[in-house]
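So the structure is just underneath, and the comments pick up after that.
The chains referred to below are lettered A, B, ... by the order of the sequence lines, with proteins before strands, and numbering in each begins at 1.
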Amino acid sequence: MMEGDEERALAHTLTAWFERHRRDLPWRRTRDPYAIWVSEIMLQQTRVDTVIPYYQRFLGRFPDVASLASAPLDHVLQHWQGLGYYRRARQLHAAAEQVVADHGGVFPNTVEGLRALSGVGPYTAGAIASIAFDAPAPLVDGNVARVLSRRFGIWDDIKQGRTQKELWRIAGDLVRQAAPPGAFNQALMELGATVCTPRSPKCEQCPLAADCVARAEDAVDRLPVVGAKKAPRTVRLVAAVVTHERTQRVLLAQRHADGLFGGLWEPPMVEGDDLETTRGQLGRLGAPPSVELREVGEVTHLLTHRRLDVTVARAHTARAHRLRKPSEPYVQLRWTDPAEVALSTLARRVLETADQPQERLF
DNA sequence: AACACGGGGTG
DNA sequence: CACCCAGTGTT
């Protein structure tokens, strides 16, 4: 058999399947590299259904790379609030400036050129190169890793560097025999997203079932192999929601650009669980002294690597005190309307909890 | 190689 | 509740 025949057959089968079963997604209605880039950044570790409304709003407000590059970062963050991994928004903005400044507003069309953009790693570079420019560039994401590990019976931990290297090699062998490469890469991911799912895969609908090693060995539910994950650490916090009585503005703090919820605003939070200590800590943060905090509720927020148990305390003040420069993790304090700034989902939930009317216990 | 980084859908 | 998602950058 000629070298590459098996790859060519698989690629053809999968691409043909994709033509019949592809979902109609907003970013599949364009060949604009900018729009495809935005979608790929949003889709990092984020599901299609979550991304769609964000993508629509974002493209409406920032229709091209120039409009994104010239927009204030705060506006970009506001359109990102709730999506998570906020560093992506900052890097997207920085990369837009890169494209305008270094490439005259024209997107790079090679993997190497794309890789140089902030926030574009090996996956995203392969995605843009293949989907927007039809370059025969491979890509491996969670879906592709799952499909390939099952189809070829790969029993090594897919998180390991060596296994990843092997997966990228296979993906490369396949995409080089595919036409067009962009459709093939999307087909691979689409299969993983809709048929070759992590649990309860629909093997009876799978175009690759006949040649699937995992299927043949009745091992579909044991592949891919993924190493054990660490349990998230629990952190106890107190959030202080201080409202200015006349204006109803709230004391909000902006987080440092690096780290958790980078660049977003929230009611000041300090580690710990007792209100007395919190009051002192707030002073250290530059907040008004001696506000009377009253506990009004509890919010539990789950992240991949953290569990945040937040006690929500509320206070009112008659005067909007002059604010000092806060200490870490905050960079600035402001009396503001929460609707006017970018909030994390945690901050939103804290504010909602503080807004609930207090019920008497009896 | 390990870790930080959000949020939500799914079984 | 556990799992994991169209990953990247830092340490």
Side-chain angles (χ1 to χ4, degrees), chain A residues 22-23 25-28 36-55 77 80-92 94-95 114-132 138-147 157-165 167-168 171 182 185-194 196-201 221 224 226-233 235 255-264 266 300-308 329 342-349:
Chain A
R22 58 181 292 175
R23 291 170 292 177
L25 303 173
W27 44 89
R28 287 184 176 161
I36 291 169
W37 169 56
V38 170
S39 76
E40 290 299 342
I41 301 295
M42 286 188 170
L43 285 162
Q44 289 171 7
Q45 298 290 284
T46 311
R47 292 168 183 281
V48 164
D49 291 341
T50 305
V51 165
I52 288 174
Y54 281 90
Y55 174 84
L77 281 173
W80 207 273
Q81 59 179 322
L83 240 197
Y85 287 135
Y86 299 98
R87 186 176 58 173
R88 291 183 295 174
R90 177 176 306 277
Q91 290 171 327
L92 195 71
L114 291 161
R115 262 312 256 112
L117 298 178
S118 171
V120 176
Y123 163 77
T124 306
I128 300 174
S130 63
I131 298 171
L139 57 75
V140 174
D141 70 344
N143 287 312
V144 174
R146 185 170 56 254
V147 170
D157 183 344
I158 59 168
K159 296 296 184 193
Q160 292 294 306
R162 204 178 59 239
T163 316
Q164 281 288 317
K165 197 173 167 189
L167 292 168
W168 278 87
N185 280 340
Q186 292 183 78
L188 209 44
M189 295 190 285
E190 189 84 341
L191 189 74
T194 61
C196 193
T197 49
R199 282 168 299 185
S200 313
D221 51 6
V226 291
K229 18 220 146 266
K230 286 177 48 179
R233 186 164 64 87
V235 181
R255 298 185 65 97
H256 191 277
D258 301 326
L260 193 62
F261 307 130
L264 273 62
E266 66 189 21
T300 295
H301 197 68
L302 267 33
L303 286 58
T304 304
H305 59 297
R306 288 260 198 295
R307 174 195 167 105
L308 273 22
L343 304 168
S344 66
T345 298
L346 169 61
R348 192 171 305 285
R349 294 178 62 203

Would you indicate, yes or no, if [N] has its OP1 or OP2 atom less than 4.0 angstrom from a side-chain nitrogen or oxygen of [X]?
X	N	answer
A:Tyr85	B:dA4	no
A:Arg88	B:dG6	no
A:Thr124	C:dG7	no
A:Gln45	C:dC5	no
A:His305	B:dG6	no
A:Lys229	C:dC3	no

Original post:
Can you list the residues that meet the side-chain contact (heavy atoms from CB on, under 4.5 Å) rule with A:Arg87, with sequence neighbours excluded?
Top reply: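 Once residues adjacent in sequence are excluded, the partners of A:Arg87 under the side-chain contact (heavy atoms from CB on, under 4.5 Å) criterion are A:Gln91.
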Original post:
Listed by chain and number, what are the side-chain contact (heavy atoms from CB on, under 4.5 Å) partners of A:Arg233, not counting sequence neighbours?
Top reply: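 Scan of A:Arg233 (side-chain contact (heavy atoms from CB on, under 4.5 Å), adjacent residues dropped) gives A:Val235, A:Arg306.
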Touch class at under 4.0 angstrom, heavy-atom based, for [X] against every strand present:
X	value
A:Val144	nothing
A:Lys159	nothing
A:Thr46	base

Original post:
If we take the P atom in both C:dA6 and B:dC5, what is their distance in whole Å?
Top reply: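 Each nucleotide's P atom is 23 Å from the other's.
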**OP:** For C:dT10 versus B:dG6, give the span between their P atoms, rounded off to a whole number of Å.
**Re:**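 Those two atoms are separated by 14 Å.
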Proximity to the side chain of [X] - top-ranked nucleotide from [options]:
X	options	value
A:Val226	C:dG7, C:dC4, B:dG7	C:dC4
A:Arg146	C:dC5, B:dG7, B:dC5	C:dC5
A:Trp27	B:dC5, C:dA6, B:dA2	C:dA6
A:Asn143	C:dC5, C:dT8, C:dG9	C:dC5
A:Gln160	C:dT8, B:dG6, B:dA2	B:dA2

Original post:
Hey, which of these two, A:Gly259 or A:Gly161, hits DNA chain B nearer its 5' end, going by closest nucleotide?
Top reply: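 First, find each residue's nearest nucleotide; the 5'-ward one identifies A:Gly161.
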Please list each protein N or O that sits under 3.5 Å from an N or O in nucleotides 9-11 of chain B, with the distance.
from   : atom 1 : to       : atom 2 : distance (Å)
B:dT10 : O2     : A:Arg199 : NH2    : 3.3

Nucleotide [N], atom [atom2] - distance to [atom1] of [X] in whole Å:
X	N	atom1	atom2	value
A:Arg307	C:dA2	CZ	C1'	14 Å
A:Leu302	C:dC3	CG	P	13 Å
A:Tyr55	C:dA6	OH	C1'	13 Å

Subject >> Pairwise 5' ranking along DNA chain C for A:Leu25 and A:Gln91, keeping only the more 5' one >> reply: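 Nearest nucleotide further toward 5': that of A:Leu25.
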**OP:** Verify the neighbour count for atom CZ of A:Arg23: are there more than 12 heavy atoms of other residues, nucleotides or ligands below 6.0 Å?
**Re:**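 Count over threshold, so yes.
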